[in-house]
Enquirer: 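My structure is below; once you've seen it, I'll send some questions.
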Amino acid sequence: MSASFTPLDRDGMAAWAAADIPEGWVVNLGIGIPTEVANFIPPEREVIIHSENGVIGAGPAPAPDAINPFLVNAGTQPITLRTGGAYVHHADSFAIARGGHLDLTILGAFEVSETGDLANWARAAHEPVKQIGGAMDLAIGAQRLWVIMEHTTKEGAPRLHRRCTYPLTAKGAVKRVYTNLAVLDVTPDGFLVRDIVPGLSFEDLQARTEAPLRR
Amino acid sequence: MSASFTPLDRDGMAAWAAADIPEGWVVNLGIGIPTEVANFIPPEREVIIHSENGVIGAGPAPAPDAINPFLVNAGTQPITLRTGGAYVHHADSFAIARGGHLDLTILGAFEVSETGDLANWARAAHEPVKQIGGAMDLAIGAQRLWVIMEHTTKEGAPRLHRRCTYPLTAKGAVKRVYTNLAVLDVTPDGFLVRDIVPGLSFEDLQARTEAPLRR
Amino acid sequence: MIDKFVHSVAAALDGVPDGATILLPGFGDVGMPTALLEGLIAQGAKDLVLVCNSGGRDGSAVARLLTLGRVRKLICSFVRPASDAGRLLLAGKLEVEVVPQGTLAERIRAAGAGIPAFYTPTAADTVLAEGREVREIGGRRCLLEYPLPGDVALIDAWQADRWGNLTFRETQRNFNPIMAMAAGLTVAQTRHSVPLGAIPPEHVMTAGIFVNRVVHIPG
Amino acid sequence: MIDKFVHSVAAALDGVPDGATILLPGFGDVGMPTALLEGLIAQGAKDLVLVCNSGGRDGSAVARLLTLGRVRKLICSFVRPASDAGRLLLAGKLEVEVVPQGTLAERIRAAGAGIPAFYTPTAADTVLAEGREVREIGGRRCLLEYPLPGDVALIDAWQADRWGNLTFRETQRNFNPIMAMAAGLTVAQTRHSVPLGAIPPEHVMTAGIFVNRVVHIPG
């Protein structure tokens, strides 16, 4: 029976998360799938997208003939600014993140633990070449941190763990995970399954997850 | 012979200090006589006056019919802004002071010690009602701190001491003192007399000073 | 649609509880949200902690809030002995914490910026350092200082739009931008209500994300 | 008359010594002072410490400065393994200190603001905390961080006047204002040279008091 479900694609995961973002929230979207969440928020629902290079109120990508080379997001992609948006410098921008002014941050991850630990910047503890960027600041500062990631690795290994095996980005920070198979809340009692793709049973989801799941 | 000199008045002290401020310096002027120093800097000599309530480039007082109620200095007196001036918020304004961006701060004082200690905010160590304001931040942050004050109290007691008797504003911060009788540098060897009002002898100045003087 | 405008000072201050810490900007009267402060007097919250540059001159709205006995503790950079604040303090009716003005500003900034503590050389060699943690950094004695967050910030703006983006005029700015970032509930009064987009994005001085409610108090 | 304009990039960079710490803003290419960076390559200073958000993409001016062997140490928030910076690091030819981006920005801000040290929760529970001073504040583990001042800051402005007042466009701003405040010698390139007073005083983004030299690099 486990063959009868379809994992979500990138758009599906982004749309799943986007549906849960209410109007008025201030949201930082990490590089990758999280950035695509913005595409699934209807423009009439006013959500304020923060980008850590100093943008408050990022809008969609510009038309190819309307690119402004002075206006990029944290992935250095050309963007637009929504009416009502503003610019700040880098210290003020991270004051927003660290100071708790983001209602929500969504990041990608390699692994998430049942206690909300996030591992998303390195696959070995002492890699000499470190790609940290702003993830650690964003992870510790937001009112709530959601993760979007594939439920398992390409090889099928689980990424939702009792304890992360990769070096941490932040401890106890993740509140919810959107995978291509399920939506899970991180609770004091571990992962709680909130939603699951049609056709996939709870038991089959558990089989793809190292940490114990609750429902 | 000691009767043949004339102590400087407030304007005289302010003018004495003003003559020593070169073009291009960024200067904070404390409340009282220091504020009046600005009146003796010729407008063509571009000196940038900082006021800790967020003014960079304060200009002279406005005409009575041209007062802008939104524009005051740190003494809450109406001022103007020089062409080229700018406004910042309070944290940025004190970043200027504490961060070493002022070439010069001039403050009033009760006492100055031969090691450059400044006492200008209280006459007793544990006065419950404290009038501190921004003096401590200004005193520790400036590239150089000058003081303008009467050489003695109204009762004739000296104010230039070996050690301050009043509680300190800052330690080892004062570089120069302009009094109504003399200009003195604070050096590693104590007070060095740089200038003295006409008709007053070094010995008579020493007689009005608790700390030993050099010349 | 995000719309932070409320229609009255009373609505702007709805829910301010007894015991709240209130961040109140202003340098003299400049940049002080007088209508909101009068509203707070009318609203009735008591046992307040008030963070404000000074204890205020007699007859001011700040002095009135103090003499009404509504403030338990005042945190400020100076108090005039010959003022209501000074007299209340000497009578043992008001707790006062006096903080150097730059440290006051930086502690408020730290609250908004998520900095749990910082060191500063300001006041390290003074009586204010007695009993405090002092650390020598780079050969200089420094005091450890903690953030000063508010439950409520009352803000005085020149322009505001429906997202709560604000501008300030000249020295009206003073403590307003840093206090707006440092409170759980940030309430602004504005001289002018402008359409969204009327403030150029480079010229927003306090972004709407820091502002919860706006009330329009025309000149 | 104060006039901070100099007539060439060479004059702007005159006297930058070997061993200098260089603050270099920019996020990708946006807000990076490319003409000054090319000028620094030509000027010849070596044994530099470079503070910059990232190690740069191959072919960039940053990567060129690195591959020329002119940088002893790079302080940044990330390095791509498949980049000149990454390869130099792995070959032992470049010392790299990787700092979380918000901490990097705050350390630069602290240098300009005269804050001798501060605590932050960022990275306190990560391998970056190994061997570092950790303090629990308000129930949260925090790292002690020190300022990151520069000997020289290279700044990319949109407009400048003869006092050195600057504006930036959109996300060109990024690290520019905080780096301009954090260096002993701050040198700006500007797209537009404007008369004193042309920038409204409320809209100055970096005040001229932080800027030592300006060179006009039209479009």
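Because the structure is a prediction, the values reported are computed rather than measured.
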Enquirer: M181(D), K4(D), M1(D), R109(D): which one forms the most heavy-atom pairs within less than 4.5 Å of chain B?
Expert: M1(D)
Enquirer: Name, in order of residue number, those residues of residues 9-27 of chain B that have a heavy atom at a distance of less than 4.5 Å from a heavy atom in chain D; otherwise write 'none'.
Expert: E23(B), G24(B), V26(B)
Enquirer: Check the surroundings of atom CG in N68(B): do more than 12 heavy atoms from other residues, nucleotides or ligands lie under 6.0 Å from it?
Expert: yes
Enquirer: Please report the shortest heavy-atom distance between T83(B) and G197(D), naming the atom on each side.
Expert: CG2-CA, 3.7 Å
Enquirer: So, applying side chain to side chain contact (heavy atoms under 4.5 Å, CB included) with P201(D), which one of L71(B), I56(B), L81(B), V55(B) is it?
Expert: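 Single side chain to side chain contact (heavy atoms under 4.5 Å, CB included) partner of P201(D) among L71(B), I56(B), L81(B), V55(B): L81(B).
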Enquirer: Quick check on R45(B) against chain D: is it the side chain, the backbone, both or neither that has a heavy atom closer than 4.5 Å?
Expert: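 It is neither, since no heavy atom gets under 4.5 Å.
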Enquirer: Nearest 0.5 Å, please: how far is CD1 in I209(D) from CG in D103(B)?
Expert: 9.0 Å
Enquirer: Measuring from I2(D):CD1 to I48(B):CD1, what's the distance to the nearest 0.5 Å?
Expert: 4.0 Å
